[in-house]
Enquirer: 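Before I ask anything, here is the structure I am working with.
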Amino acid sequence: MSTKKSLLKEAPLLEVKNLETAFDIDGIDYNAVDNVSFKVKPRQIVGVVGESGCGKSVMSLSIMQLLPKGSGKVKSGEILFEGLNLEKLTESQINKIRGKDISMIFQEPMTSLNPVFTIGYQLQEVLFNHTKISKQEARQKAIALLKSVGISRPEKIVDEYPHQLSGGMRQRVMIAIAIACQPKLLIADEPTTALDVTVQAQILELLKDIQAVNDMSVILITHDLGVVAEMCDEVIVMYAGKIVERTDVDTLFYNPKHPYTTLLLGAIPKMEEEAERLSSIKGIVPSLTNMPKSGCRFANRCPMAMPECLTITPELAEADQGHEVACLLFETSKPREGVQ
Amino acid sequence: MEIVTQNETNVTHIPQKKSLSPLAIARKKFIKNKLAMTSLIFLALVAIISCLAPYITTADITKINIGEMGLEPSSKHWLGTDKAGRDVFTRLLYGGRISLLVGISCTIFVIFIGTLIGSIAGYFGGTADSLLMRFTDLILNFPFLVFVIVLNAILFGKVSGLWVLIGVISLLYWGGIARIVRSKILAEKENEYIIAAISIGCSPAKIIVKHLLPNVLSTIIVQATITFATMIVVESALSYLGFGVPQEVPSWGNMLNSANEPDVLQYKLWIWVPPALIITLTILSINFIGEGLKDAFNPKSRR
């Protein structure tokens, strides 16, 4: 993107510092997100990739303060949105931000809409929550929003119930709800995973258009590297709750540094090759309760693992200009002397 | 910026009816259910006639008439008179008012308290849930009959007898509803649309009232009909035992009370058969309505 250079000097819209989100399992806290820090600048699309169970969704729920009550909590770290620590806000203060400045699109369009209300009602609800608007205006705005997300016959759809719409149309409605108050940050948690490929392309195209028109920042969570290549400016690769690599999208695809990223890229099927089996990464992401206590969490699946990988925990550090990686293959990731 | 898929644009414009809400669909299904509709009409008739009692008969319901004790049905007394010489038909009509009033008000209170406690416990979980549910268990563990008798004795004379009964029944009966509503809310709140609603900045009160309760409304309505039937039985049973509505106020249960005399039970059928019959029919029809509602709200039933 051409805006990349000018972005460098701007203050970040969202800054996550040393975020640790833990789940309480049988009285012991297990970190699903462990010491994660990153920044999102205005108008930037940041992709978050990783296998299932890497803590991507938990991270986004932490930002929105939507963690399941009782079991999940943010243990430490700061989530600064325009300098405001979201962790410190009360329930009613965060409610003023949710849906207005930060909004979220969920993975499952089939279940994200309330079955007992019309589409129009659910669109107007977010408007009533955050703006002083008359019923008539809200309805007009709802129709306009539906139109802007590419739904034909919006005057009709506005009075219909979710069960009358297809998955793709529901996801469009979800996007319309998310952008209704022109948020500054949109978190899209696997927005196209549940949709078929042609609809996927349309939804991504739509997201990109809306991002450009509204000047939003987007955090796009996905496990589809094709989507990342298509959409993102910057990419964060997560593994087992930690960031293992962070760089801009071109560098990631042409010069990946972390073995995990390399393997992920290798797992994309290529059209020109006729392979019997798709290449995969052996093993699975360790579950929360079986996380290795020390060393690199990827060590036991890593083809390039060295003996010290099992004992020394690598740090996320800049290996190249604007390219952070956490792997002991790089000098920068080795813990400095005297610091444990 | 507009992306329009092909199949959406090519739809020929068929004049379409307005989309039906889930509630409207349920109503349509209910109206098609003959048994439930007949029951509803019967119940409505009973209610209307009971309400219009003062205009239908002019006989005094409380005055004891020594000259006309235990008369058989005749043209003057359609259903005869009871042991105190009061017209059975008249008392049946007035009794309907009391029985239905007790039933309806108890149902309203029970459903209100149960829904309130159940939804708060279910939605917030944690400490609030534990506290409220232990309180509910406590209420459910009270020996109902003993408590009604004691409370009735304490409060009797201070408040109008009828409302004491309604209050006591309501306070002791909401536990079951609270449990059902809580479990329904627990299941419902895991749905993604609830997280979606929180993510657009809805407050907890709004989530419960606007998003959760409409989704569990079908259960609550069905429970309400069952509760209604139960309440009429409870009122009748208590009155039959003499712990319910004060003796001078006619209710279907009070009228049955006189059937505990062998003479009446064996030879004066007109005194106790009419109230027994009407209680049975009313409860039966309420249960049919409940079944009909359950079917109507069940998206899988195609009847």
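A quick note: this is a predicted structure, and the numbers were derived from the prediction, not measured. Residue numbers begin at 1 in each chain, while the letters A, B, ... track the order of the sequences.
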Enquirer: To the nearest 0.5 angstrom, please state how far the OG atom of B/Ser199 sits from the CG atom of A/Asp189.
Expert: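 These two atoms lie 11.0 Å from each other.
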
Enquirer: Find the one option among A/Ile102, A/Asn114, A/Ile94, A/Val126 whose heavy-atom pairs under 4.5 Å with chain B are most numerous.
Expert: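 Heavy-atom pairs under 4.5 Å are most numerous for A/Asn114.
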
Enquirer: Working to the nearest 0.5 angstrom, can you tell me the gap between A/Phe117 CZ and B/Asn215 CG?
Expert: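 Answer rounded to 0.5 Å: 7.5 Å.
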
Enquirer: Once rounded to the nearest 0.5 Å, what's the spacing between atom CD1 of B/Ile195 and atom CG of A/Leu61?
Expert: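 Interatomic distance, B/Ile195 CD1 to A/Leu61 CG, rounded to 0.5 Å: 6.5 Å.
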
Enquirer: To the closest 0.5 Å, what do you measure between OH (A/Tyr121) and NZ (B/Lys210)?
Expert: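 Reported value, rounded in 0.5 Å steps: 3.5 Å.
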
Enquirer: Quick check on B/Lys184: does its NZ atom have over 12 non-hydrogen neighbours (other residues, nucleotides or ligands) under 6.0 Å away?
Expert: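 No, the 6.0 Å shell around NZ holds no more than 12 heavy atoms from other groups.
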
Enquirer: Are there more than 12 heavy atoms of other residues, nucleotides or ligands under 6.0 Å from atom NZ of A/Lys75?
Expert: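 It does: A/Lys75 NZ has more than 12 such atoms within range.
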
Enquirer: Given heavy-atom pairs under 4.5 angstrom as the criterion, report whether the side chain, backbone, both or neither of A/Gln65 touches chain B.
Expert: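 Contact with chain B: none, neither part.
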
Enquirer: Counting heavy-atom pairs under 4.5 Å with chain B, which one of A/Met174, A/Met104, A/Glu108, A/His163 comes out on top?
Expert: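 Among A/Met174, A/Met104, A/Glu108, A/His163, the one with the most close pairs to chain B is A/Glu108.
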
Enquirer: Please rank A/Val116, A/Ile177, A/Thr198 by heavy-atom pairs under 4.5 Å with chain B and give me the top one.
Expert: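 Of A/Val116, A/Ile177, A/Thr198, A/Val116 has the most heavy-atom pairs under 4.5 Å with chain B.
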
Enquirer: Answer yes or no: is there a side-chain heavy-atom contact under 4.5 Å between B/Pro204 and A/Asn95?
Expert: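 The answer is yes; the side chains approach within 4.5 Å.
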
Enquirer: Would B/His211 and A/Gln122 satisfy side-chain hydrogen bond (donor to acceptor under 3.5 Å, both in side chains), going step by step from the backbone distance to the final call?
Expert: CA-CA 10 Å; B/His211 288 270; A/Gln122 300 188 50; 5.8 Å; no

Enquirer: Can you tell me if B/Phe142 has over 12 outside heavy atoms packed within less than 6.0 Å of its CZ?
Expert: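 Correct, the count exceeds 12.
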
Enquirer: Let me know if A/Pro115 has heavy atoms under 4.5 Å from chain B in its side chain, its backbone, both or neither.
Expert: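 Contact with chain B: backbone and side chain both.
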
Enquirer: Please flag which part of A/Met110 lies under 4.5 Å from any non-hydrogen atom of chain B: side chain, backbone, both or neither.
Expert: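 Nothing of A/Met110, per the 4.5 Å heavy-atom cut-off to chain B.
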
Enquirer: Select one option (side chain, backbone, both, neither) describing which atoms of A/Leu66 are under 4.5 Å from chain B's heavy atoms.
Expert: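 For A/Leu66, the contact with chain B is made by the side chain alone.
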
Enquirer: Looking at every non-hydrogen atom in both residues, tell me the closest pair between A/Ser112 and B/Ala196 and how far apart they are.
Expert: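 That would be O-CB, 3.6 Å.
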
Enquirer: Any chance you could measure A/Glu91, atom CD, to B/Ile198, atom CD1, to the nearest 0.5 Å?
Expert: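 One gets 8.0 Å once the value is rounded to the nearest 0.5 Å.
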
Enquirer: Within the supplied structure, the quantity of interest is the number of heavy atoms (other residues, nucleotides, ligands) at a distance under 6.0 Å from B/Phe135 CZ; does it exceed 12?
Expert: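 No, not enclosed.
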
Enquirer: Pick from B/Ala197, B/Cys202, B/Ser203: which one has the most heavy-atom pairs with chain A under 4.5 Å?
Expert: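 If we count pairs closer than 4.5 Å to chain A, B/Cys202 comes out on top.
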
Enquirer: Any chance you could measure A/Thr111, atom OG1, to B/Glu190, atom CD, to the nearest 0.5 Å?
Expert: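 With rounding to 0.5 Å, OG1 (A/Thr111) is 12.0 Å from CD (B/Glu190).
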
Enquirer: So which of A/Lys100, A/Glu125, A/His130 has the biggest tally of heavy-atom pairs under 4.5 Å with chain B?
Expert: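 That would be A/Glu125.
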
